[in-house]
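The structure under discussion appears below in the form of structure tokens.
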Amino acid sequence: MPTFRECFEELARRALQETASYEQYLLELAERECQARMTKRTERLLRDSRLPLEKDLASFDMARLPTKVARQVRTLLDGSFVERRENLLLFGKTGTGKTHLLSAIAQELIRNGRKVVSWSCALLVQELLVAKRDLKLSRVLKRMSQCEVLLIDDIGYVQQSREEMEVLFTLLAERYERGTVMLTSNLPFSKWETIFKDPMTTAAAIDRLVHHSVILELNIPSYRLEAAKQAKPPEAA
């Protein structure tokens, strides 16, 4: 136990000065060890999550969110929706902060001990296609099922082929009621047929995602567009 080894002499000297009991001394040592292990585990989970760690809650402007959405976000931070295996679906136009917000929520889940893995939709689909080609799709799906939360960013941002969307649907079907999916999309459900290429597959995908889910809609102006306007120098009179 490395923290025991690192701290026992310092804590022993303080215990003598404060006339603490043996039990109090051992309790503080054990608490230090547990805290150090928790910190290291959180660091490892954050590192393995593939999340953009700069996009955290502290750097997200919550004041830009509609009151209802901000209230929903605060409720989500306790992670109880993950325990219920509910999905979190975030919709909004390009530049509204969808990726930042979902990354921020995911990082808070990790700090509460949850295992999260993040993918862009395009890279995830390519990973699944390679696995299918190499006859390893079931193995890759099993590995992905071990994470409590799978974050898929930008569904619909890049149009994929029917074969690519078939492997994505297979993944969503595999996770249905078994693990949480968090995703962002710039397309409303009414346009998802352009993603999955087939009305029946589209309906089945939406049904699995929505059945147990929380849906957030960022109907707000583009953050990047606002920032660009503010940075633009005033025109000369």
Side-chain angles (χ1 to χ4, degrees), residues 41-42 44-51 72-73 75-91 98-99 101-157 160 162-185 187 189 192-193 195-217:
R41 182 175 186 271
T42 299
R44 176 175 55 80
L45 289 174
L46 284 169
R47 185 172 60 250
D48 294 346
S49 71
R50 307 158 57 104
L51 287 165
Q72 285 178 292
V73 169
T75 302
L76 291 166
L77 295 178
D78 68 5
S80 58
F81 74 100
V82 178
E83 294 175 11
R84 297 189 294 270
R85 295 181 175 83
E86 294 176 353
N87 300 322
L88 175 55
L89 316 177
L90 185 52
F91 295 89
K98 300 185 299 298
T99 298
L101 181 55
L102 219 59
S103 172
I105 294 172
Q107 290 183 53
E108 293 305 307
L109 295 178
I110 289 173
R111 292 188 173 92
N112 287 323
R114 308 288 183 185
K115 185 176 181 181
V116 181
V117 177
S118 173
W119 289 86
S120 73
C121 184
L123 288 178
L124 175 60
V125 165
Q126 292 308 309
E127 177 85 1
L128 296 173
L129 276 179
V130 170
K132 182 180 179 182
R133 182 199 65 196
D134 295 342
L135 304 179
K136 295 178 180 178
L137 184 58
S138 60
R139 188 185 309 173
V140 170
L141 292 175
K142 184 177 180 179
R143 187 186 75 227
M144 290 183 177
S145 72
Q146 294 171 357
C147 67
E148 292 175 273
V149 180
L150 179 65
L151 191 156
I152 308 174
D153 193 28
D154 280 336
I155 281 189
Y157 189 75
Q160 268 100 15
R162 184 182 295 271
E163 183 185 12
E164 290 171 324
M165 288 301 96
E166 283 175 356
V167 291
L168 179 60
F169 175 79
T170 301
L171 172 64
L172 296 177
E174 182 72 18
R175 285 193 70 83
Y176 176 58
E177 296 188 325
R178 297 181 184 177
T180 293
V181 173
M182 297 171 63
L183 65 80
T184 69
S185 180
L187 293 178
F189 284 136
W192 272 34
E193 196 171 321
I195 302 175
F196 288 98
K197 315 300 180 186
D198 173 78
M200 291 184 64
T201 305
T202 302
I206 293 173
D207 182 66
R208 283 164 172 77
L209 286 170
V210 171
H211 185 206
H212 307 289
S213 69
V214 178
I215 299 176
L216 302 181
E217 296 185 57

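Taking the side chain as every heavy atom from C-beta outward, L109 and M182 approach each other to under 4.5 Å.
No side-chain donor-acceptor contact under 3.5 Å links D153 to the backbone of T99. Side chain of R84 to backbone of H212: no donor-acceptor contact under 3.5 angstrom is found. Counting only distance, with no hydrogens or angles, the side chain of N87 and the backbone of Y176 share no donor-acceptor pair below 3.5 Å. A side-chain donor-acceptor contact under 3.5 Å links T180 to the backbone of E86. In this structure, the side chain of R50 engages the main chain of S118 through a donor-acceptor pair within 3.5 Å. A side-chain donor-acceptor contact under 3.5 Å links S185 to the backbone of I155. For W119 (side chain) and L150 (main-chain N/O), no donor-acceptor pair under 3.5 Å exists by modelled atom type.
Taking all atoms of both residues into account, the shortest heavy-atom contact from R175 to S145 is NH1-CA, 3.8 Å. Between L76 and F81, the closest heavy-atom pair is O-CE2, 3.4 Å. Across V125 and V167, no two heavy atoms sit closer than the pair O-CG2, 4.1 Å.
Between E174 and R208 no salt bridge is recorded (no basic side-chain N to carboxylate O distance below 4.0 Å). Looking at R143 and E127, a side-chain N of the basic residue comes within less than 4.0 Å of a carboxylate O on the acidic one, giving a salt bridge.
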message: Walk me through whether T201 and M165 qualify under side chain to side chain contact (heavy atoms under 4.5 Å, CB included).
response: CA-CA 9 Å; T201 305; M165 288 301 96; over 6 Å; no
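The structure places CD of E163 at 13.0 Å from CG of L168, a figure rounded to the nearest 0.5 Å.
In this model, a donor atom of one side chain and an acceptor atom of the other lie less than 3.5 Å apart for Q107 and S103.
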